[in-house]
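Basis for what follows: all heavy atoms, side chains included, without hydrogens, waters or symmetry-related copies. Owing to the predicted nature of the structure, the values given are computational and were not obtained by experimental measurement. Position 1 is the first residue of the sequence; numbering continues from there.
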Amino acid sequence: MTFHVAREAPKLWRRICMETKVELSLLADKWKLLLAGIIFQYIHGLAARGVHYFHRPGPILQDVGFFLLPELGQDKAYISEAVFTFVFVNFFVWTFHPFIFQSKKFHTVLLWCRVLAFLVASQILRIFSFYSTQLPGPNYHCREGSKFARLPRPDNVLEVLLINFPRGVFYGCGDLIFSSHMIFTLVFVRTYQKYGTRRSIKQLAWLITVIQSLLIIASRKHYTVDIVVAWYTVNLVVFFVDKKLPELPDRTNASLSPLLPLSGKDKASKTKEEHHVLLNGNSGDSADWRQRTQINGKILDDGNAVHADSAMNGK
């Protein structure tokens, strides 16, 4: 066991180093897009903090989800946050798995550019939605009598810009339609659905998404409409934005990634392909691997074979 670990450790380290070199080269090219996406996460938080100043507590609206699902209570409200944290951490770690595992289906930098594009497009729609109409928050700290339900006028601009972190993030009110937690969860699950490889994990991810939706309502953090709108809005955003973005290069075949060295299996495949080219005289494109006919030292395509036979027969 110790010998096996000692033998594989240098290979793993070389793989990490090579992958890091590739990702850094991509980061040097895409850093502006990544930085813009990260900055917008702050802008989204700033917008959510700003709408809190307009929030006015009132009677909780009639909601079918509140009627059907039992209320978890303040002491169990952490359950939905725990599920969300589980999804977030696992997805974040998974996006870096090409640094360790040999099955490389995507570049981490390019994947996060795509994920941030989905998040930004969804969050822009969310900002327009919750600034259009402010609903009385159903969460416990947004109800009448709570000291967090109303925010006093800020003393200075810095107080707004700092978002009163982290309390301002956990005790926000007014940013209801639609759920931010569902934006992140649905974007992560849709991304794994496309680029993940394990079917069982995909099915589990969708199940967890449904469970989280129910937990958010049961925790009274959002109205049911916030969850319903998130489900169809985020899925539509991902569907249409994904069509506009250039597709990620498929790294299943290492030959498509010139920056990475070829494994032994890929080298054998490439050698076989080159041997096929030498024998048939055609390009490496599989669409051009047609049967050739050799006459008098000349290699002809199938389409020319009939003409060659006719010429030989004097027709």
Legend entry - Verdict with supporting geometry, L151 and F54, side-chain contact (heavy atoms from CB on, under 4.5 Å): CA-CA 8 Å; L151 283 184; F54 300 103; over 6 Å; no
Inset, instruction - Given side-chain contact (heavy atoms from CB on, under 4.5 Å), test F91 with T191 step by step and report yes or no. - result: CA-CA 9 Å; F91 178 81; T191 302; 3.9 Å; yes
Legend entry - W231 and T209: CA distance, side-chain angles, deciding distance, side-chain contact (heavy atoms from CB on, under 4.5 Å) verdict: CA-CA 10 Å; W231 266 92; T209 306; 3.5 Å; yes
Legend entry - Chi angles and distances behind the side-chain contact (heavy atoms from CB on, under 4.5 Å) call for R114, Y195: CA-CA 12 Å; R114 207 174 195 85; Y195 299 106; 3.2 Å; yes
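Between the H141 side chain and the G172 main chain, a donor and an acceptor come within less than 3.5 Å of each other. Y131 places a side-chain N or O within 3.5 Å of a backbone atom of V51 that can act as its donor or acceptor partner. Of the possible polar contacts, one joining the S25 side chain to the V22 backbone as a donor-acceptor pair under 3.5 Å is found. Put simply, the side chain of R220 never gets that close to the backbone of P138: no donor and acceptor are under 3.5 Å apart.
Taking all atoms of both residues into account, the shortest heavy-atom contact from G65 to D63 is N-OD1, 2.7 Å. The two residues I79 and L215 come nearest to each other via the heavy atoms CG2-CD1, 3.9 Å. Considering every non-hydrogen atom in both L245 and A117, the closest pair reads CD1-CB, 4.1 Å. Scanning both residues, F66 and I217, for their nearest heavy atoms gives CE2-O, 3.6 Å. The minimum heavy-atom distance between G137 and L176, with the atom names listed, is CA-CD1, 4.0 Å. Considering all non-hydrogen atoms of both residues, L186 and A230 come closest at CD1-O, 3.5 Å.
Taking the six-membered ring for Trp and the full ring otherwise, H97 and F106 have centroids separated by under 6.0 Å. Ring centers of F130 and F178: at least 6.0 Å apart, outside the cut-off. In this structure, F88 has its ring center under 6.0 Å from that of F188.
Clustering ILVMFWY residues whenever any of their side-chain heavy atoms sit less than 4.5 angstrom apart, transitively, puts I127 in the very cluster that holds I39. Grouping the Ile, Leu, Val, Met, Phe, Trp and Tyr side chains by contacts below 4.5 angstrom, directly or via other members, places I124 apart from F239. Connection of Y232 to V238 is established within a shared hydrophobic cluster, with ILVMFWY side chains joined at heavy-atom distances below 4.5 Å, either directly or through further cluster members.
Surrounding NZ of K202 are more than 12 heavy atoms belonging to other residues, nucleotides or ligands, all under 6.0 Å away. At most 12 heavy atoms of other shown residues, nucleotides or ligands fall within 6.0 angstrom of atom CD in Q62. The neighbour count for F86 CZ, taken as heavy atoms of other residues, nucleotides or ligands under 6.0 Å away, does not exceed 12. Around CZ of F128, the count of heavy atoms belonging to other residues, nucleotides or ligands within 6.0 Å does not exceed 12.
Partners of W31 by side-chain contact (heavy atoms from CB on, under 4.5 Å), not counting sequence neighbours, listed by chain and number: L27, L35. Applying the side-chain contact (heavy atoms from CB on, under 4.5 Å) test to Q123 and every residue at least two apart in sequence or in another chain returns F40, Q41, H44, L119, I183, F184. Among residues two or more places apart in sequence or in another chain, the salt bridge (charged side-chain N to carboxylate O under 4.0 Å, His left out) test is passed with R190 by none. Partners of R150 according to the side-chain contact (heavy atoms from CB on, under 4.5 Å) rule, which considers only residues two or more places apart in sequence or in another chain, are R56, P57, E144.
The pair K30-E23 does not count as a salt bridge, with every side-chain nitrogen at least 4.0 angstrom from each carboxylate oxygen.
Annotation: side chain of W206 is not in contact with side chain of V210 (no heavy-atom distance under 4.5 Å). Contact annotation: the side chain of H222 never approaches that of M182 to less than 4.5 Å [non-hydrogen atoms, C-beta and beyond]. Residues T133 and I177 form no side-chain contact, since every pair of their non-hydrogen atoms from C-beta on lies 4.5 Å or further apart. Counting heavy atoms from C-beta on, the side chains of H107 and P98 never come closer than 4.5 Å. Side-chain contact between C142 and N139: present, with at least one pair of heavy atoms (C-beta onward) separated by less than 4.5 Å. Taking 4.5 Å as the limit, every side-chain heavy atom of R198 sits out of range of all side-chain heavy atoms of Q203. Inter-residue side-chain proximity for L33 and L116 is flagged as unmet; no heavy-atom pair is nearer than 4.5 Å. The shortest side-chain heavy-atom distance between C113 and L34 falls under the 4.5 Å cut-off.
D226 and S179 share no donor-acceptor pair across their side chains, judged by distance under 3.5 Å alone.
Figure legend: R153 and Y53 shown without cation-pi pairing, the cationic atom not lying both under 6.0 angstrom from the six-membered ring centre and within 45 degrees of its axis.
Annotation: side chain to side chain donor-acceptor pair (under 3.5 Å) contacts involving residues 70-95, sequence neighbours excluded, comprise E71-Y140, S80-K221, E81-H181, E81-K221, T95-W112.
Through chains of ILVMFWY side-chain contacts below 4.5 Å, V93 is grouped with V89.
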